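Before any comments, here is the structure.
For ligands, and for the atoms within them, numbers begin at 1 and follow the listed sequence. What you see below is based on every heavy atom in this structure, not just the backbone, and it leaves out hydrogens, waters and symmetry mates. Everything numeric in this text was worked out from a predicted model, so none of it was measured.
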Amino acid sequence: MATRFENGIVVTLGKHNRVIWNGAVVSDGESIVAVGEAADLKKRFPEADTVDCAGKIILPGFICTHHHFYSTMARGMAIPGEPASNFVEILERLWWKVDKAIDGEDITLSAQIPLIECIRNGTTTIIDHHASPSMREGSLDLIENAVREAGLRASLCYEVSDRNQPGGGTKENERFIKKVGRGDGQIAAMMGLHASFTLSDQTIETCVGIAEDAGVGCHIHVAEDAADRKDSLAKYGVPTVERLHKLNVTGEKSIFVHCVHVDESEMDTIAATKTAVVHNPESNMNNAVGVTKVLKMLEKGILVGLGSDGMSSDMLAQMRCAYLLHRLDNHDPRVAFMEAPQMLLGNNADIVERQFGIRVGELAEGRPADMAILDYQPPTPLNADNFLGHLIFGLVDATVDTTVCRGQILMQNKQILSMDEERIAARSRELAPQMWKRL
Ligand SMILES: [Zn+2]
């Protein structure tokens, strides 16, 4: 049955961005079948169900290309001991304790909570990086079930690391990759690797072999902190990207997350191998690790996308953070106006296409019916030429009213339809303190 999402301002994005006032998008099944003037589409699809979008703007669903669902249950937790003074201490005192404490039902809940938040923020496609060393086996299936129940799209992987046991997580990741295969457009798989400084050559070689056999890429944190670069130089005599390149981790399907501490020749390697980079500005600021030289990378033709690294599921907030950060970092108020939206709206869609084999991020006939519909009454004229101004200074603070993924309405009038938000949050409040005690 077709549905007309009508009477809103439609912003198509894609290569030929169009802004259509009194526009409509018609979905049928999982796909968009028409985009245009509301009056025209009413004539062409008179039988369709209708969703009135008056006073709203209809955009393609947002994409997060690096997330950690599992980090949710640490929210509000007191961290024992002295405050961490650097990045490695943050991992040792917080995240490596949290991931070890997550068990059983926590895995499902700690995925469901951010999935609800993704729906609330209109984020319809997520590339996640999971770790739960106390319960590895089957953990990705639990997350997959949560994603399918939520109705969103996600690429999943398990974070392989030698830090608890040599090659820990390889089996779970391999099992899931084989199970998912080429994916069904809703669930995809990658080979997850933690970071160079917690991985031996042997573990990386094994994982790259599995990924190559299956035709999937690797999803790895790269030079997030200076410590990762220092470790690689000390142990292997080359900086992080060069080490990973020698081990064949680079490539068009791979994602190098962060790349804060990389030099120009490493950037050239990333560009030459068409490896994607994902920038996480809020997370980098939170961990005080430094500023990724995103503008230089984009100049070199590197595909740089935008993630949240578990900080939140609000991708417009990540976009504005990137816009502000790179203006300040470059001491130049002329930069980042084009680049920050490009990372979120264009480059993230390119990265998803490499992973899922589908083209999201555009409202056009034949494209997946993934939409974020936000309350927005433009206070000034809005057209394709000035859309970015509205995006950065207006839409970033607008509320998402309706979220659609694969043609399914997951939230309408700000009510989550696909999941029981109240029950899930209550159960998570119950289990989180127990998880905190296991730290
Ligand atoms: Zn991360």
Side-chain angles (χ1 to χ4, degrees), residues 63-75 84 86-100 102 107 110-111 114 117-118 123 125-133 139-140 143 154-161 163 168-169 173 189-199 207 217-229 231 240-241 244 249 254-262 275-292 294 304-315 317-318 321-322 325 343 348 351 355:
I63 300 160
C64 175
T65 45
H66 183 68
H67 207 319
H68 293 284
F69 290 153
Y70 76 86
S71 63
T72 315
M73 282 169 92
R75 193 178 297 171
N86 61 52
F87 175 69
V88 175
E89 283 181 14
I90 293 171
L91 293 180
E92 287 170 351
R93 293 184 192 179
L94 177 62
W95 296 116
W96 292 352
K97 287 185 176 173
V98 167
D99 64 23
K100 250 191 197 164
I102 294 173
I107 295 174
S110 65
E117 290 175 350
C118 283
T123 303
T125 304
I126 306 106
I127 300 182
D128 190 64
H129 204 270
H130 173 70
S132 54
S139 59
L140 295 177
I143 299 171
S155 164
L156 306 179
C157 70
Y158 189 92
E159 176 199 275
V160 175
S161 172
R163 71 173 182 269
N173 218 139
M190 295 188 79
M191 173 53 76
L193 294 164
H194 173 244
S196 169
F197 71 103
T198 71
L199 289 160
C207 289
C218 294
H219 183 183
I220 179 171
H221 299 98
V222 177
E224 178 172 3
D225 184 70
D228 196 17
R229 180 181 178 86
D231 178 89
T240 327
V241 170
L244 296 174
V249 187
S254 285
I255 294 176
F256 280 13
V257 183
H258 300 301
C259 294
V260 181
H261 298 272
V262 299
T275 310
V277 168
V278 174
H279 176 43
N280 303 266
E282 279 193 3
S283 163
N284 294 161
M285 291 163 81
N286 187 46
N287 291 330
V289 290
V291 183
T292 305
V294 162
V304 185
L306 204 57
S308 70
D309 204 16
M311 286 286 290
S312 87
S313 300
D314 180 350
M315 291 313 297
Q318 308 308 312
C321 181
L325 173 62
M343 286 190 277
N348 271 1
I351 293 172
Q355 302 304 330

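Ring orientation note: the planes of His221 and His68 are close to parallel, at an angle under 30° on the 30°/60° scale.
Taking every heavy atom of both residues into account, Cys157 and Leu140 meet most closely at O-CD2, 3.5 Å.
Residue contacts to the Zn ion (ligand 1): His68 brings an N, O or S atom closer than 2.8 Å. Distance check for Asp309 against the Zn ion (ligand 1): an N/O/S atom falls below 2.8 Å.
Rounding to 10 degrees, one finds that the Zn ion (ligand 1) sits at the corner of an angle of 100° between His221 NE2 and His66 NE2.
Side-chain contact between Asn86 and Asp225 is absent, with no heavy atoms from C-beta onward closer than 4.5 Å.
The six-membered or imidazole ring of Trp95 lies away from that of His194, with a centre-to-centre distance of 6.0 Å or more.
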